[in-house]
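By convention here, the first residue in the shown sequence is residue 1.
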Amino acid sequence: DLIYVADSANAPYGERDDAFISDRCHAISKFLNQQHVDGIVVACNTATAIAVQGLRAALPDMPIIGVEPGIKPGIAQSKSKRVGVLATPGTMASAKFKALVEAQGREATLVLQPCPGLAKEIESGSLDRPELQSLINQFCAPLIQAHVDTVVLGCTHYPFATHLFRQALGPDVTLLDTADAVARRTADLLRPVQGTLAASAGSQPSIELWTTGSADHLASVSSNWLGWQLQAKPLRY
């Protein structure tokens, strides 16, 4: 079963200050904990960088899975060892990201490109707006000039616009995001509780969508992007 909370009234986090992001992450995690979830995925690179340690301290018995830009697999995949990283300003300014770059950057040339405004443009819901393509072209230009062969999508919004990144970067550049790795990690951590779910294994999992923004907008986006025909619920938290 999946309970998803979109903090759309306060998005994007990548351009918010650390204290605000931390407060929002604790509030949403409190709500999810009250729903008796078995684990929480912090599905935002910026929120992970700023808040995940505090969340784990506040909920020590809850598996909490964070996400971070896939710099290490990007380097491993790159033939030229020239890797571009696209992320929000908040992610790139965080101590966690800087430590990641310092730990992995000795093995390759990393071209770091902050993308102010890009997550917000994707959040609008339309993936074919000229304004979105223009922003992506702008942020990809320095990576092209640096002759990278691999680009890490360091924000969980960005993969929804993969087709536009491919148009901007060309067919010879590999795009990398960490969605599959995060899903596998989540499954591994929740494996101990799967035995209690075995009795209902034949039933269809439930999906709940909650948002602090427009419920109609989230329902429309989830339908257009994921094929989920669901009603979203407003959350005042």
Side-chain angles (χ1 to χ4, degrees), residues 2-72 85-104 112-124 152-160 177-179 181-183 185-186 189-190 208-215 217-218 221 232-237:
L2 173 67
I3 300 176
Y4 173 74
V5 176
D7 194 17
S8 297
N10 301 296
Y13 281 178
E15 294 160 46
R16 295 283 197 172
D17 65 67
D18 290 7
F20 182 89
I21 294 168
S22 181
D23 286 348
R24 291 307 302 154
C25 289
H26 280 276
I28 291 170
S29 295
K30 181 180 178 181
F31 168 77
L32 290 171
N33 192 36
Q34 291 170 345
Q35 310 312 303
H36 307 293
V37 299
D38 296 307
I40 295 173
V41 177
V42 184
C44 170
N45 289 268
T46 301
T48 297
I50 291 167
V52 75
Q53 290 183 345
L55 294 177
R56 287 170 176 158
L59 298 169
D61 298 324
M62 175 76 69
I64 296 179
I65 301 94
V67 300
E68 64 183 21
I71 293 177
K72 184 175 181 178
V85 183
L86 299 167
T88 67
T91 292
M92 288 200 168
S94 70
K96 188 176 178 66
F97 179 81
K98 291 175 181 177
L100 180 65
V101 169
E102 184 175 345
Q104 304 297 334
L112 308 180
Q113 178 60 52
C115 304
L118 182 54
K120 184 175 182 179
E121 190 65 40
I122 294 172
E123 182 89 9
S124 72
V152 175
L153 301 180
C155 170
T156 48
H157 282 77
Y158 299 172
F160 289 107
D177 77 81
T178 58
V182 171
R185 177 62 175 162
T186 302
L189 286 178
L190 296 187
E208 293 182 24
L209 303 178
W210 296 82
T211 179
T212 59
S214 165
H217 179 71
L218 179 58
V221 166
K233 305 173 187 179
L235 181 65
R236 303 291 175 255
Y237 214 88

Query raised in the report: For Thr88 and Glu15, what are the C-alpha separation, side-chain angles and deciding distance, and is it a side-chain hydrogen bond (donor to acceptor under 3.5 Å, both in side chains)?
Result: CA-CA 7 Å; Thr88 67; Glu15 294 160 46; over 6 Å; no
Query raised in the report: With a 3.5 Å cut-off and no angle check, do the side chains of Ser8 and Thr212 form a donor-acceptor pair?
Result: no
Report summary line: Distance col, row Leu118:CG vs Lys120:NZ, nearest 0.5 angstrom, shows 12.5 Å
Requested in this report: To the nearest 0.5 Å, tell me how far Cys155 SG sits from Asp177 CG.
Outcome: 11.0 Å
Query raised in the report: Between Trp210 and Phe31, is the gap from one ring center to the other below 6.0 Å?
Result: yes
Query raised in the report: Near Gln53 CD, under 6.0 Å, is it more than 12 heavy atoms from other residues, nucleotides or ligands?
Result: no
Query - Heavy-atom closest pair, residues Cys44 and Tyr13 - result: SG-CD1, 4.1 Å
Requested in this report: Evaluate side-chain contact (heavy atoms from CB on, under 4.5 Å) for Ile3 paired with Val37, printing each intermediate quantity in order.
Outcome: CA-CA 8 Å; Ile3 300 176; Val37 299; 4.0 Å; yes
Report task. Please test Thr46 against Ile21 for side-chain contact (heavy atoms from CB on, under 4.5 Å), starting from the C-alpha separation and ending with a verdict. Result -> CA-CA 8 Å; Thr46 301; Ile21 294 168; 3.7 Å; yes
Query - Student check: side-chain heavy atoms of Val5 and Thr211 closer than 4.5 Å - result: no
Query raised in the report: If we only count heavy atoms from C-beta on, is the Asn10 to Arg16 side-chain gap below 4.5 Å?
Result: yes
Query raised in the report: Gly66 and Thr48: which non-hydrogen atoms are nearest, and at how many Å?
Result: CA-OG1, 3.5 Å
**Report entry** Heavy-atom pair of closest approach, residues Tyr158 and Ala119
**Finding:** CE2-N, 4.2 Å
**Report entry** Thr156 side chain reached by Asn45 side chain, heavy atoms, under 4.5 Å
**Finding:** yes
Query raised in the report: Quick one: does Met92's side chain get under 4.5 Å of Leu112's, heavy atoms only?
Result: yes
Query raised in the report: Is atom CD of Gln34 surrounded by more than 12 heavy atoms (other residues, nucleotides or ligands) closer than 6.0 Å?
Result: yes
Query raised in the report: Under 4.5 Å between any side-chain heavy atoms of Ile65 and Val42, yes or no?
Result: no
Query raised in the report: CG/Leu55 to CD1/Ile40 distance, rounded to the nearest 0.5 angstrom?
Result: 7.0 Å
Requested in this report: Compare every heavy atom of Ala87 with every heavy atom of Gly154, then report the nearest pair and how far apart it is.
Outcome: O-CB, 3.7 Å
Query raised in the report: NE2 of His157 to CD of Glu121: how many Å apart, nearest 0.5 Å?
Result: 11.5 Å
Query raised in the report: Do the non-hydrogen side-chain atoms of Phe97 and Val85 ever get within less than 4.5 Å of each other?
Result: yes
Requested in this report: Drop me the distance from Thr178's OG1 to Ile71's CD1, to the nearest 0.5 angstrom.
Outcome: 11.0 Å
Requested in this report: Provide the full list of side-chain hydrogen bond (donor to acceptor under 3.5 Å, both in side chains) pairs with a residue in residues 19-29, sequence neighbours left out, each pair given once.
Outcome: Asp7-Arg24
Report summary line: The reported gap from NZ in Lys30 to CD in Gln35 (rounded to nearest 0.5 angstrom) is 12.0 Å
Report task. Please tell me if the side chains of Leu209 and Lys233 come closer than 4.5 Å, counting only heavy atoms from C-beta onward. Result -> no
Report task. Go through Thr91 and Lys96 one step at a time and tell me if the side-chain contact (heavy atoms from CB on, under 4.5 Å) criterion holds. Result -> CA-CA 8 Å; Thr91 292; Lys96 188 176 178 66; over 6 Å; no
Query - side-chain hydrogen bond (donor to acceptor under 3.5 Å, both in side chains) partners of residues 55-71, not counting sequence neighbours, each pair once - result: none
Query raised in the report: side-chain contact (heavy atoms from CB on, under 4.5 Å) between Leu218 and Tyr4: does it pass, once the steps are laid out?
Result: CA-CA 11 Å; Leu218 179 58; Tyr4 173 74; 4.1 Å; yes
Requested in this report: Please examine the side chains of Val152 and Leu86, heavy atoms only from C-beta on, and report whether any two atoms are closer than 4.5 Å.
Outcome: no
